Participant: 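Have a look at the structure that comes next, please.
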Amino acid sequence: MESLVVGDIDGLKDNQGTLTLFTNSRGGIIDDLIVNKTNEGYLYVVSNAGCADKDLPLMMVCHIGTCL
């Protein structure tokens, strides 16, 4: 997630969140979203429902290690 957004996700404390931006490889803004770090070892991401068609594939591609 750190490679996708401008926020300091690694620096979040447990159960803390931040408003951040998805960016492309040139630093352009794709979308805004909220990322929360849980105390259970995972991130909870809230993105705009109207942008799910572009946000979810971007997260999935980066999850498998081939970020744009």
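Throughout, residue positions are numbered sequentially from 1 according to the sequence presented. Here the structure is a predicted model, which is why all the values come from computation and not from measurement.
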Participant: With sequence neighbours excluded, tell me which residues meet side chain to side chain donor-acceptor pair (under 3.5 Å) with D55.
Facilitator: none
Participant: Give me the atom names and distance for the closest heavy-atom approach of P57 to A52.
Facilitator: CD-O, 3.5 Å
Participant: Could you tell me which non-hydrogen atom of Y42 sits nearest to which non-hydrogen atom of T38, and how far apart they are?
Facilitator: O-OG1, 2.8 Å
Participant: What distance do S47 atom OG and F22 atom CZ have between them, rounded to the nearest 0.5 Å?
Facilitator: 6.5 Å
Participant: Using the side chain to side chain donor-acceptor pair (under 3.5 Å) rule, collect all pairs that involve residues 7-20, keeping only residues at least two apart or in two chains.
Facilitator: none
Participant: If hydrophobic clusters are built by linking Ile, Leu, Val, Met, Phe, Trp and Tyr wherever their side-chain heavy atoms come under 4.5 Å apart, do L21 and L12 end up in the same one?
Facilitator: no
Participant: Same cluster or not: are I9 and V6 linked, directly or through other Ile, Leu, Val, Met, Phe, Trp or Tyr residues, by side-chain heavy atoms under 4.5 angstrom apart?
Facilitator: no
Participant: Could you list the residues that satisfy side chain to side chain donor-acceptor pair (under 3.5 Å) with N48, not counting sequence neighbours?
Facilitator: D31, D32
Participant: May I ask whether I30 and L19 are part of the same hydrophobic cluster, defined by side-chain heavy atoms of I, L, V, M, F, W, Y residues being less than 4.5 angstrom apart, directly or through others?
Facilitator: no
